[in-house]
Number of protein chains: 2
Amino acid sequence: MDEKKERIIVAAKELIAQFGFKKTTMDEIATKARMGKSTMYYYFKNKEDIFAEIVRIDSDIFHQKLNEAIQVANSPQDKIMQYVRTRMLHLKELSNYYKTLTHEYLDHYFFIEQVREEFYNFENSILSDLINAGIEQKLFAPCDVDVVVRMITIAIKGLEYSSFTQKEQDLERDSKQMIDIIFKGIEVRA
Amino acid sequence: MDEKKERIIVAAKELIAQFGFKKTTMDEIATKARMGKSTMYYYFKNKEDIFAEIVRIDSDIFHQKLNEAIQVANSPQDKIMQYVRTRMLHLKELSNYYKTLTHEYLDHYFFIEQVREEFYNFENSILSDLINAGIEQKLFAPCDVDVVVRMITIAIKGLEYSSFTQKEQDLERDSKQMIDIIFKGIEVRA
DNA sequence: TTTCGACTATAATACGGAATTAGTCTAAAT
DNA sequence: ATTTAGACTAATTCCGTATTATAGTCGAAA
């Protein structure tokens, strides 16, 4: 029954969002999902497995949003701009959602690391493709694509950091300004 | 007696570097500095005061190193490049030195916040001056200086983050590549 | 003015028993 | 066969308390 699995996920998601992973007990999830505790063990191996599934779902949605964003835009520049913009906005939303977990991240949950790794590869591949497309279309100067991608991701890291203390609006403005500088540079043009 | 103060600082600095602020006791510092514990209270108001002084001294040295770096370089571009390079290298050194403290930073030590604020202003002022100089010398395109400075500091934050998992050499290379992109951009030139 | 040992109040720690909790198992219901 | 649940267990967390460690004070001596 997939509907049962869904109920567990929904209940767990709400509780975890409110209280964090550790503070949410299997009994609470079971009660909220209106079923016996051991029933959940028929659908999930253990507590971590439930959380892993929740993270996986969110991660899928996030990937999808990013893919949509670059499909909507036209030029490589626009695609990169929209990618970064969407990434920042939705990540802030997600991190806001998972705020109760921030502390628990310290305790190494393997699948967090795994999701991070997956996302790193995803992002790298998208950005590489966009930079390469830009070079082919003679929009970007021929350059070491890996280096450029790396610098963009480092810049994104900086944006991410500054986003902790920032409202959504400023974050979007900063993202645009950063990408703009990476595109055009600040030196005078010949 | 300034020599006593020095002895306290030296002893405290070594112990704190090795064990962290919390794990270092006033008794240990006193023993290492070869004096009675309460003697130290003649020279310092309390334990935090000793640490604040240590941080202040290190911070002064750091500022000095940065000032030297930009004096040695010639063009605004070079000065910015050297500034970032020096900043990353010495900050890595410092953070390596204070590695035992990383965890304790979480507990809000007011003077850490204060030093951070001071440094933020220092960095802002230096970068603003350099960008303005570059614009005056027609090296940089006329632009919103505050925005450019902000983007550089955000990029530096990203570099800082990636420096945690990186060796000095890569850090230096990344710094150069980042600044290079900020100068030149990646779009083709007309 | 400078130094120190003795002292105190407070904060960290250690510990043991009680309560929770993740996960299992058996058996009943569908 | 599949699904559910309540009782059960082993492990962990929690909690009150007794003990220790520690930052900071004080008065006296050098």
Side-chain angles (χ1 to χ4, degrees), chain A residues 1-56 100-112 114, chain B residues 1-56 100-112 114:
Chain A
M1 280 273 219
D2 231 31
E3 181 263 341
K4 286 272 169 61
K5 215 171 172 178
E6 181 72 17
R7 282 218 324 258
I8 296 169
I9 290 290
V10 169
K13 198 175 149 101
E14 276 182 43
L15 288 167
I16 289 174
Q18 184 169 8
F19 303 113
F21 180 72
K22 274 186 185 168
K23 293 279 184 189
T24 299
T25 70
M26 291 297 271
D27 280 312
E28 287 173 314
I29 298 173
T31 303
K32 185 152 196 146
R34 300 190 314 284
M35 63 182 71
K37 184 172 62 161
S38 39
T39 304
M40 298 194 296
Y41 285 92
Y42 181 79
Y43 297 98
F44 293 96
K45 205 170 90 250
N46 53 33
K47 193 182 172 186
E48 276 193 348
D49 230 44
I50 297 177
F51 187 47
E53 178 74 6
I54 292 173
V55 171
R56 203 190 53 71
T100 49
L101 296 175
T102 327
H103 200 63
E104 300 173 14
Y105 274 133
L106 300 174
D107 306 314
H108 43 314
Y109 287 124
F110 67 98
F111 47 84
I112 292 291
Q114 202 176 312
Chain B
M1 280 275 220
D2 231 32
E3 182 261 341
K4 285 272 168 64
K5 216 172 170 178
E6 181 73 17
R7 283 220 320 260
I8 296 169
I9 290 290
V10 170
K13 198 176 151 103
E14 278 182 40
L15 288 167
I16 289 174
Q18 186 170 7
F19 304 113
F21 179 71
K22 273 186 184 166
K23 291 280 185 190
T24 300
T25 71
M26 290 298 269
D27 281 312
E28 287 173 314
I29 298 173
T31 303
K32 184 150 196 149
R34 299 190 315 282
M35 64 182 71
K37 183 173 63 162
S38 34
T39 303
M40 299 193 296
Y41 285 91
Y42 182 76
Y43 297 100
F44 293 95
K45 205 169 91 249
N46 52 34
K47 192 183 173 186
E48 276 193 349
D49 230 44
I50 298 177
F51 186 48
E53 178 74 7
I54 292 174
V55 170
R56 205 190 52 71
T100 49
L101 295 175
T102 327
H103 200 62
E104 300 173 15
Y105 275 131
L106 300 174
D107 306 314
H108 45 314
Y109 287 126
F110 67 98
F111 48 85
I112 293 292
Q114 202 177 312

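A note on names: the letters A, B, ... follow the listed sequences, proteins ahead of strands, and every chain is numbered from 1.
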Within this structure, what is the [atom1]-to-[atom2] distance between [X] and [N], rounded to whole angstrom?
X       : N      : atom1 : atom2 : value
A/Ile29 : C/dT20 : CD1   : P     : 18 Å
A/Asp27 : C/dA19 : CG    : P     : 17 Å
A/Met40 : D/dT3  : CE    : C1'   : 15 Å
A/Met35 : D/dT2  : CE    : P     : 19 Å
B/Asn46 : D/dA23 : CG    : P     : 11 Å
B/Phe19 : D/dA21 : CZ    : C1'   : 16 Å
A/Lys47 : C/dG23 : NZ    : P     : 8 Å
A/Tyr43 : C/dG23 : OH    : C1'   : 18 Å

TODO: Report the nucleotide, chosen from D/dT22, D/dG24, D/dA5, that has the shortest atom-to-atom distance to any side-chain atom of A/Thr39.
DONE: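 Selected nucleotide: D/dA5.
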Task: Given C/dA22, D/dT2, D/dA5, the nucleotide with the shortest approach to the side chain of A/Tyr41 - done: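 Between C/dA22, D/dT2, D/dA5, the one nearest the side chain of A/Tyr41 would be C/dA22.
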- [ ] Would you name the heavy atoms of A/Tyr41 and A/Met26 that are closest together and state the gap between them?
- [x]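 What the structure gives for the nearest pair is OH-CE, 3.4 Å.
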TODO: Determine the minimum heavy-atom distance between B/Thr24 and B/Phe19, stating which atoms define it.
DONE: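 Closest pair (atom of B/Thr24, atom of B/Phe19, distance): OG1-CB, 3.9 Å.
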TODO: Measure distances between side-chain N and O atoms of B/Lys37 and base N and O atoms of D/dA23, and say whether any donor-acceptor pair falls under 3.5 Å.
DONE: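 Looking at the base of D/dA23, it does pair with a donor or acceptor on the side chain of B/Lys37 (distance under 3.5 Å).
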Task: D/dG6 base / A/Ser38 side chain donor-acceptor hit below 3.5 Å - done: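 Checked by distance alone, the answer is yes.
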Open item on the list: As an exercise, state the distance from CE of B/Met35 to CD1 of B/Ile29, rounded to the nearest 0.5 Å.
Closed with: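 Separation between the atoms: 10.5 Å.
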- [ ] Rounded to the nearest 0.5 Å, what's the gap from CD1 on B/Ile8 to CD on B/Glu6? Could you check?
- [x]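 Nearest 0.5 Å value for the CD1-CD distance: 10.0 Å.
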